[in-house]
Asks: 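Here it is, the structure, as structure tokens.
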Amino acid sequence: MNKLIIFSQLSETIAKLTQIETADAESFVRELSVLVAERLESDGQVEVPGLGTFVLTDETVAFAPDAALAREINAPFAAFEAIELDEPLEPSEPSENSENSENSENSDAEEIAAA
């Protein structure tokens, strides 16, 4: 999964989780980014204990999370079973069924309000 996290969101999240000022979290993220970039340029790989490994490949940075971190993040989804699809799914417009369910929810709310 490729998910882009905006710098400010990452900093705010770190600040909340560690109970530090957002400015301090921003400084930390900037410094960590600089250190990782420098190490990637010189060694092509950086391992951050507890976080994971960054690897430079063809001008792209790949990230593999630490096993313990991956388990913790994936724990809420452990009960799900992977299902292989025959064809890739394409984004589509909402179906009529989803519109009908919204309309029925709205009519239920109107009936409750009228009672």
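Worth knowing before you read on, the calculation uses all heavy atoms, side chains too, and leaves out hydrogens, waters and symmetry mates.
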Asks: Between side-chain atoms of residues 6-18 and protein atoms elsewhere (two or more places apart, or another chain), which donor-acceptor pairs fall under 3.5 Å?
Replies:
| unit_1 | atom_1 | unit_2 | atom_2 | d |
| --- | --- | --- | --- | --- |
| Q9 | OE1 | I6 | N | 3.3 |
| S11 | OG | F7 | O | 3.1 |
| T13 | OG1 | Q9 | O | 2.8 |
| T18 | OG1 | I14 | O | 2.6 |

Asks: Please list every donor-acceptor pair under 3.5 Å in which a side-chain atom of residues 70-78 meets a protein atom from a residue at least two apart or in another chain.
Replies:
| unit_1 | atom_1 | unit_2 | atom_2 | d |
| --- | --- | --- | --- | --- |
| N74 | ND2 | A70 | O | 3.0 |

Asks: Going hydrophobic residue to hydrophobic residue with side-chain gaps under 4.5 angstrom, can you get from L51 over to L56?
Replies: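 In one cluster: yes.
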Asks: Considering residues, nucleotides and ligands other than I83, do more than 12 of their heavy atoms fall under 6.0 Å from its CD1?
Replies: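 At most 12 heavy atoms, drawn from other residues, nucleotides or ligands, come within 6.0 Å of this atom.
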Asks: Could you tell me which residues satisfy ring pair (Phe, Tyr, Trp, His ring centres under 6.0 Å) with F63, sequence neighbours excluded, listed by chain and number?
Replies: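 Ring pair (Phe, Tyr, Trp, His ring centres under 6.0 Å) list for F63, sorted by chain: F54.
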Asks: Which pairs pass salt bridge (charged side-chain N to carboxylate O under 4.0 Å, His left out) with one or both residues in residues 40-58, sequence neighbours excluded?
Replies: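 Listed by first then second residue: R39-D43.
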Asks: Return each pair, listed once, that meets ring pair (Phe, Tyr, Trp, His ring centres under 6.0 Å) where at least one residue sits in residues 17-52; pairs must be two or more places apart or across chains.
Replies: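 Listed once each, the pairs would be none.
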Asks: Is there a path from V61 to V36 through hydrophobic residues (I, L, V, M, F, W, Y) whose side chains come within less than 4.5 Å of each other?
Replies: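 Same hydrophobic cluster.
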Asks: Determine whether V46 and L40 satisfy the following criterion, side-chain contact (heavy atoms from CB on, under 4.5 Å), listing intermediate values before the conclusion.
Replies: CA-CA 6 Å; V46 178; L40 284 172; 3.9 Å; yes
